[in-house]
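Here's the structure, in C-alpha cells; my notes come after.
In this chain, residues are counted from 1 in sequence order. What you are looking at is a predicted structure, and each value in this text was computed from that prediction instead of being measured.
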Amino acid sequence: MTVRAVELPQLWMPYALRVNPYLPALHEESESWARGMGMLDGGRWPRARTAIWTRSKFHAMTVDQLTAWTLPDASFEALRLNHRFNVWALAWDDYFASAFKQTGDLPGARAFTARLHAFLRPERGARLPEPTNAVERGIADLQQQLFPPRLAHWRVEFNRALARYVDAGVEELANSLSGRIPHLIDYAPFRRESFAAYTAPYSVELATGARIPEQIRNTRTVRALLDAFMDFMGLANDIASYEREVHEEKDVNNLVLVVGTSLGITLHDAVPAALNLVNARLRDFEHLRRSELPTLVRNFGLDRDERAELEAWLEGACGFLSGLHAWYTGAPRYASGDVPFPEA
C-alpha cells in the first residue's frame with residue numbers, strides 16, 4: 001500500500017498565500033551563496049570533500065520560493081539573509097542524512113556535531129575554528145550576518161536554537177539505530193528542536209521588523225501560541241516528508257510512526273490521525289490568536305503602538321505558516337511517490 005492509497009483529510013490552512021515581490025531577484029542570485037560555501041558542484045572547493053548538491057537538485061528544492069512564500073513582507077536584504085539560513089539548514093539536513101544516517105555512523109555524527117557547537121558562539125566577535133566543510137563554512141559566514149543591531153537580542157536564543165537543532169539530529173540517529181520510535185507525549189516538544197522551529201520567531205521578526213511586546217512575551221497565552229505555531233511547522237513537515245524520511249533514510253522519527261506506535265493503531269489509520277493532530281495544532285494557534293490574545297492585550301493595557309506591533313508580528317506568523325504549507329504541498333522535495341506504506 002502507498003501513502004497515496006490512503007484517503008487523507010485535508011491539511012488545513014486558513015491563511016492566504018502571499019508571495020514576496022522580490023522573488024525574481026532572489027531567484028537570480030539563489031545559488032551564489034551556496035556555491036561560495038562549497039555546497040554545490042562546480043565551486044572552488046573540491047567536490048569530494050564538500051559538495052552536497054548538484055545544481056539541478058539544488059534548484060529543484062525551490063528554496064527561493066520557500067523563502068519568498070514564508071516572508072512575503074520582507075525587504076530584499078532580510079529575504080536574502082533568511083534565504084541563506086534556509087539553504088544552510090537544508091544543507092545540514094541533507095549532509096547529515098547522507099554522511100551519518102545512511103551509513104549508521106553515530107560516532108562520526110557526534111564528532112561532526114561537537115565541532116558545529118564551536119561555531120555557535122553568541123559572544124560578539126567570538127573566534128571561530130577554521131571551517132573544514134560546506135556546513136561549517138555556511139554557519140561561520142551566517143554568524144557574521146544574522147544579528148544586526150535591531151536583532152542583537154536574538155544572538156543567544158538563536159544560537160541556542162541551532163545547538164538544539166544539530167543535537168536533535170544525533171538523537172534522531174540514535175533512535176533509528178536502536179529502532180526506538182519516540183512516544184507521542186515526548187515527540188512534539190522534541191520536534192520543535194529537530195525542526196529548528198525555535199528560530200522561526202526570529203525569521204518573522206526579521207521580515208516584519210515587529211516584536212511581540214515584552215509585557216506579554218512570557219505569559220501562558222503567548223507561550224502556548226508560540227508552541228502551536230512551532231508544532232505546525234515540524235509536524236506538518238513529517239506528513240510531507242514521510243516517504244523520504246521513513247523509506248529512503250530509514251528514519252523512525254516521524255509523526256506518522258509515532259502516532260501509530262503510541263496509540264497501537266495500524267499505519268493506515270495513523271496517517272489520518274497524524275493529519276488531524278497537525279490540523280488541531282493550527283486550530284489551537286488560531287483560537288489563541290483570535291480569542292485569548294485580545295483579552296490578554298486588554299488586561300495588560302497595551303497601547304496603540306504596541307498593539308500595532310503585535311498585529312504586524314502575528315500577520316507575519318500567519319504568512320510564515322501559509323508559505324510553509326504551500327512549499328510542503330508543492331515542492332519537488334516533498335513530491336509523493338508510490339513508495340510502499342507498511343502495515344503495523
Side-chain angles (χ1 to χ4, degrees), residues 12-15 70-71 82 85 89 120 122 146-147 150-165 167-168 171 182-238 255 258 276-303 305-325:
W12 183 55
M13 178 45 61
Y15 317 122
T70 53
L71 305 179
N82 206 86
F85 173 68
L120 305 177
L146 284 167
F147 311 110
R150 74 177 179 86
L151 291 169
H153 57 280
W154 266 99
R155 183 176 292 272
V156 172
E157 285 302 315
F158 194 90
N159 278 290
R160 183 177 296 152
L162 290 187
R164 290 171 167 178
Y165 177 52
D167 285 346
E171 186 171 343
H183 193 279
L184 181 58
I185 292 175
D186 302 319
Y187 187 66
F190 174 67
R191 192 67 178 107
R192 295 171 205 154
E193 298 180 350
S194 66
F195 191 72
Y198 287 98
T199 66
Y202 164 91
S203 296
V204 174
E205 192 172 325
L206 173 69
T208 63
R211 299 181 66 185
I212 298 175
E214 186 174 358
Q215 302 96 300
I216 65 171
R217 201 173 299 146
N218 294 313
T219 61
R220 182 207 64 81
T221 298
V222 171
R223 289 199 305 270
L225 179 134
L226 288 173
D227 285 349
F229 171 66
M230 293 186 289
D231 283 347
F232 177 85
M233 289 185 278
L235 298 180
N237 178 270
D238 278 4
L255 181 64
V258 167
N276 284 326
L277 182 59
V278 175
N279 287 342
R281 288 309 276 152
L282 188 56
R283 286 194 294 270
D284 291 339
F285 174 83
E286 184 66 359
H287 169 76
L288 289 160
R289 183 175 78 93
R290 290 190 175 275
S291 300
E292 294 196 26
L293 206 55
T295 301
L296 185 74
V297 166
R298 288 193 298 271
N299 289 344
F300 274 79
L302 298 188
D303 62 30
D305 290 344
E306 291 166 334
R307 293 184 184 205
E309 188 162 15
L310 177 60
E311 282 303 314
W313 191 92
L314 289 169
E315 183 178 357
C318 293
F320 194 92
L321 294 179
S322 176
L324 272 180
H325 172 269

- [ ] Taking ring pair (Phe, Tyr, Trp, His ring centres under 6.0 Å) as the test, write out the residues that go with F147, two or more places apart.
- [x] F158
TODO: Give the minimum heavy-atom separation between R283 and N276, together with the two atoms involved.
DONE: NH2-O, 4.2 Å
Task: Contact check, side chains of L184 and V258, non-hydrogen atoms, under 4.5 Å - done: yes
Task: Those residues that, when tested against R192, pass salt bridge (Lys or Arg N to Asp or Glu O under 4.0 Å) (two or more places apart) - done: D227, D231
Task: Rounded distance (nearest 0.5 Å) linking atom CG of D238 with atom CE of M233 - done: 13.0 Å
- [ ] Kindly determine whether Y165 and T199 satisfy side-chain contact (heavy atoms from CB on, under 4.5 Å), including the steps that lead there.
- [x] CA-CA 10 Å; Y165 177 52; T199 66; over 6 Å; no
Task: Backbone of R164 reached by a side-chain donor or acceptor of Y198 within 3.5 Å - done: no
Task: Atom of F285, atom of C318 and distance for their closest heavy-atom approach - done: CE2-SG, 4.0 Å
Open item on the list: E292: which residues meet the side chain to side chain donor-acceptor pair (under 3.5 Å) condition with it, sequence neighbours left out?
Closed with: R220, H287
Open item on the list: Tell me the closest heavy-atom pair linking A197 and P201, and the distance in Å.
Closed with: O-CD, 3.5 Å
- [ ] Would you check if I216 and L310 make a side-chain contact, meaning some heavy-atom pair closer than 4.5 Å?
- [x] yes
- [ ] Could you list the residues that satisfy side-chain contact (heavy atoms from CB on, under 4.5 Å) with D305, not counting sequence neighbours?
- [x] D303
Open item on the list: Any non-hydrogen side-chain atom of F195 less than 4.5 Å from a side-chain atom of M230?
Closed with: no
Task: Residues in side chain to side chain donor-acceptor pair (under 3.5 Å) contact with N237, at least two apart in sequence or another chain - done: R191, S241, Y334
- [ ] Supply the atom-to-atom distance L120 CG to L162 CG, rounded to the nearest 0.5 angstrom.
- [x] 5.5 Å
Task: side chain to side chain donor-acceptor pair (under 3.5 Å) contacts in which one or both residues fall within residues 307-323, not counting sequence neighbours - done: none
Task: All side-chain contact (heavy atoms from CB on, under 4.5 Å) counterparts of A236, not counting sequence neighbours - done: L11, F232, V278, Y328
Open item on the list: Would you compute the distance between atom CZ of F320 and atom CG of L71 and round it to the nearest 0.5 angstrom?
Closed with: 6.0 Å
Open item on the list: My understanding is that only residues two or more places apart in sequence, or in another chain, count here; which of them pass side-chain contact (heavy atoms from CB on, under 4.5 Å) with P14?
Closed with: W12, L282
- [ ] Check whether any side-chain heavy atom of D167 lies under 4.5 Å from a side-chain heavy atom of E193, and answer yes or no.
- [x] no
TODO: Using the test salt bridge (Lys or Arg N to Asp or Glu O under 4.0 Å), find all partners of R160 that sit at least two apart in sequence or belong to another chain.
DONE: E157
TODO: Can you sort out the partners of S203 under side chain to side chain donor-acceptor pair (under 3.5 Å), two or more places apart, ordered by chain and number?
DONE: N82
Task: Heavy-atom check, side chain of E306 versus side chain of F300, under 4.5 Å - done: no
- [ ] With rounding to the nearest 0.5 Å, note down the distance linking CG in L293 to OG1 in T219.
- [x] 7.5 Å
Open item on the list: Run the side-chain contact (heavy atoms from CB on, under 4.5 Å) test against T295 and tell me which residues pass, sequence neighbours left out.
Closed with: R298, N299
TODO: For the pair Y202 (side chain) and L146 (backbone), establish whether a donor and an acceptor sit closer than 3.5 Å, ignoring hydrogens and angles.
DONE: yes
Identify each donor-acceptor pair in which a side-chain atom of residues 206-214 lies under 3.5 Å from a protein atom, sequence neighbours left out, and give them as a table.
| unit_1 | atom_1 | unit_2 | atom_2 | d |
| --- | --- | --- | --- | --- |
| T208 | OG1 | V204 | O | 2.8 |
| T208 | OG1 | A210 | N | 3.1 |
| R211 | NE | H153 | NE2 | 3.3 |

TODO: Tell me, with the steps shown, if R289 and E286 meet salt bridge (charged side-chain N to carboxylate O under 4.0 Å, His left out).
DONE: CA-CA 5 Å; R289 183 175 78 93; E286 184 66 359; 3.2 Å; yes
